[in-house]
Amino acid sequence: MPTLHNNPQLNKNGELQHLLTIEGLKKSHIDHILDTASSFVGISDREVKKVPLMRGKSVFNLFFENSTRTRTTFEIASKRLSADVINLNIQASSTTKGESLLDTIDNLAAMHADMFVVRHAQSGAPYMIAQHLNRTRSDVHVVNAGDGRHAHPTQGLLDMYTIRHYKKDFTNLRVAIVGDILHSRVARSDIHALTTLGVPEVRAIGPHTLLPGGLEQMGVRTFTNMDEGLKDVDVIIMLRLQNERMSGALLPSAQEYFKSYGLTPERLALAKPDAIVMHPGPMNRGVEIDSAVADGAQAVILPQVTFGIAVRMAVMSILAGTHA
Amino acid sequence: MPTLHNNPQLNKNGELQHLLTIEGLKKSHIDHILDTASSFVGISDREVKKVPLMRGKSVFNLFFENSTRTRTTFEIASKRLSADVINLNIQASSTTKGESLLDTIDNLAAMHADMFVVRHAQSGAPYMIAQHLNRTRSDVHVVNAGDGRHAHPTQGLLDMYTIRHYKKDFTNLRVAIVGDILHSRVARSDIHALTTLGVPEVRAIGPHTLLPGGLEQMGVRTFTNMDEGLKDVDVIIMLRLQNERMSGALLPSAQEYFKSYGLTPERLALAKPDAIVMHPGPMNRGVEIDSAVADGAQAVILPQVTFGIAVRMAVMSILAGTHA
Amino acid sequence: MPTLHNNPQLNKNGELQHLLTIEGLKKSHIDHILDTASSFVGISDREVKKVPLMRGKSVFNLFFENSTRTRTTFEIASKRLSADVINLNIQASSTTKGESLLDTIDNLAAMHADMFVVRHAQSGAPYMIAQHLNRTRSDVHVVNAGDGRHAHPTQGLLDMYTIRHYKKDFTNLRVAIVGDILHSRVARSDIHALTTLGVPEVRAIGPHTLLPGGLEQMGVRTFTNMDEGLKDVDVIIMLRLQNERMSGALLPSAQEYFKSYGLTPERLALAKPDAIVMHPGPMNRGVEIDSAVADGAQAVILPQVTFGIAVRMAVMSILAGTHA
């Protein structure tokens with residue numbers, strides 16, 4: 001894994017060249033993205049939901065791992081920026097002909113790609129691509145759309161946008177992240193962003209088996225008892241419980257999990273009365289979240305999706321250098 | 001199945017909000033769609049085959065059941081209206097992650113979708129989606145692109161367009177629908193449309209096992225003898241015999257079927273001399289239709305396809321409220 | 001296979017109606033394509049990489065055989081010409097419903113397609129489609145994107161563009177094509193083009209089992225010894241060794257192949273000092289080409305890709321009649 005000393009996502013002036021991870025971003029980077037996103041939120045309500053900022057630019061959605069949902073959000077964001085989008089499902093493609101990942105990248109770059117949105121099951125794949133492009137084609141940009149367990153920075157950024165929208169000020173918040181912290185790229189991205197933005201108290205709640213080591217060193221308080229962890233928080237970020245965990249050795253069963261870590265109306269009442277409930281989707285209703293909460297007045301799960309389009313438009317237009 | 005008393009496709013002013021079924025549409029609704037389509041037929045012959053009516057609108061092709069052919073017609077219609085189109089093959093997507101259908105819809109609506117074109121193997125799925133959206137996001141529209149055995153309204157409408165084009169007046173026609181009426185969503189849509197438009201005599205021709213009960217109550221005359229049924233008709237709508245029926249218990253064999261219900265030149269001669277032959281495609285040549293008829297002078301099967309694009313453009317632009 | 005006497009790709013004035021094969025094209029046809037491509041090379045470097053030449057035209061990518069790489073190049077070329085592109089992966093589509101190839105073509109043509117880009121495992125399939133359209137819809141154009149072992153004309157044309165770019169004059173060149181000539185549609189297209197453009201010496205290098213009969217009649221010198229074949233050549237066109245050959249009866253092993261026919265720096269030194277190295281991609285590094293050569297100063301493999309987009313834009317706009 002690359003270290004911060006050698007962060008390929010910033011150019012030598014410290015500007016964003018790629019978006020690979022929230023780790024190592026300054027508050028000013030995040031603020032700039034959120035401010036730019038703010039200017040795009042209104043566009044989606046207009047009669048014509050497009051701006052010509054990336055007209056004639058070619059965006060390649062390189063999905064080495066299937067994720068229709070994430071791919072769709074980037075496809076919409078690209079089209080609303082008027083870019084041309086090419087979707088490539090790479091399992092079915094030339095890697096099966098034995099071409100190496102970097103040869104594929106070189107080829108697509110030679111077709112005058114402007115941006116690669118990369119989803120890969122292996123942590124670090126988007127880094128390797130970005131480092132390679134920095135050496136060979138510094139005009140091409142990479143957005144990490146999820147790499148292994150490592151990072152999912154646009155999800156982290158849309159979470160920050162949502163919190164800022166509802167809570168205005170980060171510096172007086174208690175934020176709880178609940179669930180499978182161990183396997184979650186969302187949790188990792190969120191913790192980095194919350195810390196950078198000055199949130200004084202970040203909590204991680206989950207069964208011992210799903211809390212990774214090292215959280216305390218990142219300044220996170222850990223709780224295995226959900227009732228204790230939710231007490232007086234302003235923001236609750238629920239994580240999705242992956243199906244493959246449910247039948248695994250780490251957890252007894254989905255029903256047991258819900259009993260201990262499902263967000264019910266009763267548990268939600270332990271948080272502040274104006275606490276908001278977030279979830280990256282797709283939800284497992286009745287596993288990590290009760291439908292009464294998911295559809296309730298404190299849930300901001302659908303606004304997260306809406307803000308997510310604006311945040312992705314912001315990231316893409318900033319990287320492409322087409323947004324001032 | 002929803003009843004007519006509670007038709008979610010009309011708003012409280014009786015205007016089309018969604019297109020789910022031809023059942024319950026008034027003649028004025030159908031006329032408006034056909035008249036609008038008429039204005040689009042010419043566009044496809046122009047040098048630049050596009051109009052900006054839906055520029056910046058986002059159309060989602062939600063295909064829960066594979067149908068490249070139908071998906072293509074909607075994709076072309078959308079692009080000729082200048083909409084942005086997102087194709088989602090939902091089997092491969094988040095429903096496999098256990099997300100419910102309505103959660104998927106809520107998510108896509110939160111991305112500011114303007115229209116869902118829905119194909120689903122289950123009868124009623126587009127209704128459920130439309131009813132949900134009527135409660136939550138009344139600015140989003142649904143077009144049923146085929147649900148189970150129930151309805152395929154744009155196919156029914158393009159059939160009406162084709163008949164009107166060649167026959168001008170519906171009120172003096174004899175129309176025969178031939179084949180697997182029982183399993184055909186096309187037959188169902190056509191019967192409703194023909195009746196609404198004032199066709200005095202609709203006939204259904206097929207083996208007893210493939211004629212559903214209740215046709216007589218819908219005002220349809222049934223025939224198991226094809227020669228009798230074709231006598232003096234103005235329009236013959238052939239249905240596709242599904243492969244799965246051919247080897248099933250309902251039918252002896254494809255050859256036997258052709259012997260009794262295949263449209264040959266000899267049989268066609270029983271109809272009026274200027275009768276037209278229609279087929280929704282894809283054809284099984286030598287099963288339900290002889291190639292000499294399919295490629296003959298009375299076949300209007302390819303014009304149906306051409307009109308189908310214009311009809312879909314009409315439906316979409318009327319629903320989107322962008323066509324006066 | 002169609003003969004030259006009945007070449008469906010030229011209309012009665014000898015103008016290109018379809019692009020099926022380089023065989024039978026005159027030097028003036030090829031020059032016109034390369035000159036037009038030259039005007040498009042600059043577009044890809046511009047801020048807005050689009051021209052409106054095919055705005056409102058509908059291009060159908062009909063891929064009966066999977067090739068993400070080739071499909072992508074045509075998709076990009078179409079979008080940079082502002083055409084609407086519809087991707088159809090036909091295995092999964094209506095041919096599985098038993099519709100014949102020509103019925104599928106008729107249907108898509110009835111949707112007012114302007115151009116079909118056809119990839120098919122069977123030699124001659126694009127011919128059959130072109131001949132059918134010449135009879136039925138002479139305003140629709142076909143581009144062969146690879147048919148069986150037969151032809152891959154846009155690859156041949158981009159190879160010619162690349163050679164012209166680096167060597168200016170064809171009439172004083174020695175060009176070597178190395179590898180599996182027998183199964184290569186690229187080799188076939190290249191040999192025709194090189195001969196037509198006046199290259200005085202074309203060489204084919206490969207193991208006896210992979211050199212087809214009849215090369216000498218085409219004016220090609222054959223070599224089974226690579227060192228002899230490369231001596232003093234100006235251009236080396238390496239072919240991809242198909243995986244399926246490697247384990248087959250025609251060849252001992254990939255390692256053995258590399259020992260005899262892999263392009264190493266030592267072997268490259270036998271060619272002229274300014275010789276260029278080409279490869280259609282995707283490369284098998286260490287099988288037909290050494291990485292030191294693939295990434296070396298004489299390789300023009302990535303420029304081939306870049307020129308390929310311009311060449312495809314040229315072919316499409318010439319066929320569509322939108323380029324003067």
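Both backbone and side-chain heavy atoms feed into the values below; hydrogens, waters and symmetry mates do not. Below, chains carry the letters A, B, ... as their sequence lines are ordered, and counting in each starts from 1.
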Pairwise distance CG(B:Asp106) to CG(A:Asp295) - rounded to 0.5 angstrom: 8.0 Å
Measure B:Asp139 against the heavy atoms of chain A and call it side chain, backbone, both or neither at under 4.5 Å. neither
Is it true that A:Lys49 and B:Asp114 make a salt bridge, defined as a side-chain N closer than 4.0 Å to a carboxylate O? yes
Does any part of the side chain of A:Ile309, heavy atoms only, come nearer than 4.5 Å to the side chain of B:His112, both counted from C-beta? no
By a 4.5 Å heavy-atom criterion (distance strictly below it), what part of A:Leu302 contacts chain B: side chain, backbone, both, or neither? both
For A:Arg80 and B:Ser58, what are the C-alpha separation, side-chain angles and deciding distance, and is it a side-chain contact (heavy atoms from CB on, under 4.5 Å)? CA-CA 9 Å; A:Arg80 297 213 176 130; B:Ser58 300; 2.9 Å; yes
Only one of B:Asp84, B:Leu108, B:Ile86 forms a side-chain contact (heavy atoms from CB on, under 4.5 Å) with A:Ile76, so which one is it? B:Ile86
Would you mind telling me which of A:Arg71, A:Gln304, A:Lys50 has the largest number of heavy-atom pairs within less than 4.5 Å of chain B? A:Lys50
Does atom CZ (A:Arg267) have a neighbourhood of more than 12 heavy atoms from anything else shown, all under 6.0 Å? yes
Residues, nucleotides or ligands: over 12 heavy atoms within 6.0 Å of B:Arg137 CZ: yes
Heavy-atom closest pair (B:Val85 atom, A:Glu75 atom, distance to 0.1 Å) is O-OE2, 3.9 Å
